[in-house]
Amino acid sequence: MARDYYAILGVRREATKDEIKKAYRRLARELHPDVNPDPTTQERFKEVTQAYEVLSDENKRRMFDMGHDPFAPGGGGAGAGGFGGGAAGFPFDDIMNAFFGGGQPGAGRSPRDRVRRGRSIKVRIELDLSETAFGVTKDVTFPTAVLCTTCQGEGTAKGTHRHTCEMCQGRGEVSQVTRSFLGQVMTSRPCPQCAGQGSIITDPCPDCAGEGRVREKVTRKVQIPAGVEDGTQIQLAGEGEVGPNGGPRGDIFLEIVQRPHPIFERRGDDLHCTITVPMTAAALGASFTFETLDGTEEIDLRPGTSSGHVITLGGRGTKHLDGGGRGDLMIQVDVETPAKLDEEQEALLRKFAELRGEDHPPGKFSPGHGGLFSRLRDAFGAR
């Protein structure tokens, strides 16, 4: 080969397109005629640019790697012409477009789509425990954007239509040519007159002011499934705001807020509560009427129940969200010790203690239940 384009750009033969582009960009800034008019430097700039044209094109690079120089006499390259607008077929503008985001040569942007998807809406729904446990149908009212029935989303007054933008001639963008040390650079930006849409409304709809939609309060009947929890989100696809100019609807996200219950605490699908009973009831046993989510039930407290005992009512919790069964109801017993006794009560209680041999109790001591770190220490110490 007469010339090694890899060496001219100072890159490896395995260099990527980005590495080749960066190398050329660095050299072009140093050698461009606008920066350094020296004839020798201009010749070097020509070599560097030829090298970039070959190595940045996959087909030309493949031919060069096989031993064919596209710029050699008869090679079918750009020859020894100059640079710029009439540069013997050399795509200098294409290189500038590659650098400055101009896209493919001669390829313009399409006008922006004026029809866009509507915004999604988040709506909070407050529910009682029984409603989240068993499901419910609710009427939900919220403000949103709906299709303008006057113009059917077109945004134009009756009997009128959109007109092609005169500034951009319907292209949706305007171009500007500026000079830099690398030559002329063409930049494009959205047309300021039509906001990139390529068309404008001269007579907007009086009801929606040209937007194609209006705001109003709507009511939706929503089915809340059984088993939802506080913080659960339910997506209603395509039920949100209508997009500008009659665009498709966004979504609705229903956020469940469960109101606190006066008795039950929910943990997953199980319900927890505490029942406080007097010492005598715990010792002798008793029956209590209890209001569950399913109605009134009677709970039997067996004699000798101690504080902390848990009574489990299976299947009295909330329904599982997947529809398979229910959680449980866990009732913890709290035995209340009397703090104040009159003389007769105290005498009877002392007699009771004497009969049980508890008037001088020795007390029973056992290892305490420490925290996490003490349990870990004991576990490792036992080894």
Side-chain angles (χ1 to χ4, degrees), residues 117-146 215-243 248-277 288-301 305-336 369 371-373 375:
R117 189 172 185 266
R119 186 173 63 93
S120 294
I121 306 171
K122 178 179 283 189
V123 181
R124 301 183 69 190
I125 303 180
E126 291 191 358
L127 301 176
D128 293 329
L129 176 60
S130 59
E131 294 175 326
T132 61
F134 303 123
V136 67
T137 299
K138 283 281 188 178
D139 287 333
V140 182
T141 301
F142 53 90
T144 185
V146 299
R215 300 198 67 83
E216 63 180 40
K217 282 190 175 183
V218 299
T219 299
R220 294 276 188 274
K221 192 175 290 294
V222 179
Q223 178 67 45
I224 307 298
V228 295
E229 297 185 60
D230 185 72
T232 300
Q233 288 197 357
I234 301 173
Q235 181 180 6
L236 303 179
E239 294 289 334
E241 290 189 353
V242 169
R249 288 180 176 272
D251 301 332
I252 294 179
F253 292 91
L254 302 177
E255 182 180 7
I256 304 301
V257 179
Q258 181 178 291
R259 300 187 187 99
H261 193 274
I263 297 176
F264 299 123
E265 177 188 354
R266 181 174 177 177
R267 302 176 192 171
D269 291 334
D270 294 332
L271 300 179
H272 293 255
C273 70
T274 299
I275 181 172
T276 302
V277 299
F288 297 94
T289 299
F290 188 70
E291 193 71 30
T292 70
L293 295 181
D294 298 274
T296 303
E297 296 193 24
E298 191 167 284
I299 300 173
D300 292 325
L301 195 67
T305 298
S306 59
S307 188
H309 176 71
V310 176
I311 302 172
T312 301
L313 301 182
R316 299 294 195 278
T318 69
K319 288 187 176 181
H320 300 318
L321 189 58
D322 59 7
R326 292 176 61 178
D328 298 330
L329 173 58
M330 323 287 282
I331 306 171
Q332 179 173 310
V333 178
D334 184 12
V335 178
E336 186 178 37
H369 299 285
L372 173 63
F373 290 105
R375 292 199 299 273

Which residues share a side chain to side chain contact (heavy atoms under 4.5 Å, CB included) with Glu291, sequence neighbours left out = Thr296

query = For Gln223, what residues pass the side-chain hydrogen bond (donor to acceptor under 3.5 Å, both in side chains) criterion, not counting sequence neighbours?
reply = Thr137

ask   = For Arg215, which residues count as a side-chain hydrogen bond (donor to acceptor under 3.5 Å, both in side chains) partner, sequence neighbours excluded?
value = Glu241

query = So which pairs with a foot in residues 323-334 pass salt bridge (charged side-chain N to carboxylate O under 4.0 Å, His left out), sequence neighbours left out?
reply = Asp294-Arg326

inquiry  = When you measure from the side chain of Arg249 to the backbone of Gly240, do you find a donor-acceptor pair of N or O atoms at a distance under 3.5 Å?
reply    = yes

query = Excluding sequence neighbours, so at least two apart, what forms ring-ring contact (aromatic ring centres under 6.0 Å, His included) with His320?
reply = none

query = Quick one: does Arg266's side chain have a donor or acceptor within less than 3.5 Å of a partner on Gly268's backbone?
reply = yes

key: Residues which pass side chain to side chain contact (heavy atoms under 4.5 Å, CB included) with Ile299, listed by chain and number, not counting sequence neighbours   = Phe290, Ile311, Ile331

inquiry  = Tell me which pairs pass salt bridge (charged side-chain N to carboxylate O under 4.0 Å, His left out) where either residue lies in residues 307-318, with sequence neighbours left out.
reply    = Glu297-Arg316

ask   = Thr289: what forms a side-chain hydrogen bond (donor to acceptor under 3.5 Å, both in side chains) with it, not counting sequence neighbours?
value = none

key: side-chain hydrogen bond (donor to acceptor under 3.5 Å, both in side chains) involving Asp300 - partner list, sequence neighbours excluded   = Ser287

key: Distance (rounded to the nearest 0.5 Å) between Ile252 CD1 and Ile121 CD1   = 5.0 Å

Between side-chain atoms of residues 228-237 and protein atoms elsewhere (two or more places apart, or another chain), which donor-acceptor pairs fall under 3.5 Å?
residue	atom	partner	partner atom	Å
Asp230	OD1	Gln258	N	2.8
Thr232	OG1	Glu229	N	3.0
Thr232	OG1	Glu229	O	2.9
Gln235	NE2	Asp251	OD2	2.8

In a table with atom names and distances, give each donor-acceptor pair under 3.5 Å that connects a side chain of residues 138-145 to protein atoms at least two apart or in another chain.
residue	atom	partner	partner atom	Å
Lys138	NZ	Glu131	OE2	3.3
Asp139	OD1	Lys221	NZ	2.9
Thr141	OG1	Thr219	OG1	2.9

query = Which residues pass the salt bridge (charged side-chain N to carboxylate O under 4.0 Å, His left out) test with Glu265, sequence neighbours left out?
reply = Arg267

ask   = Below 4.5 Å, heavy atoms only, C-beta onward: do Ser306 and Val335 meet side chain to side chain?
value = no

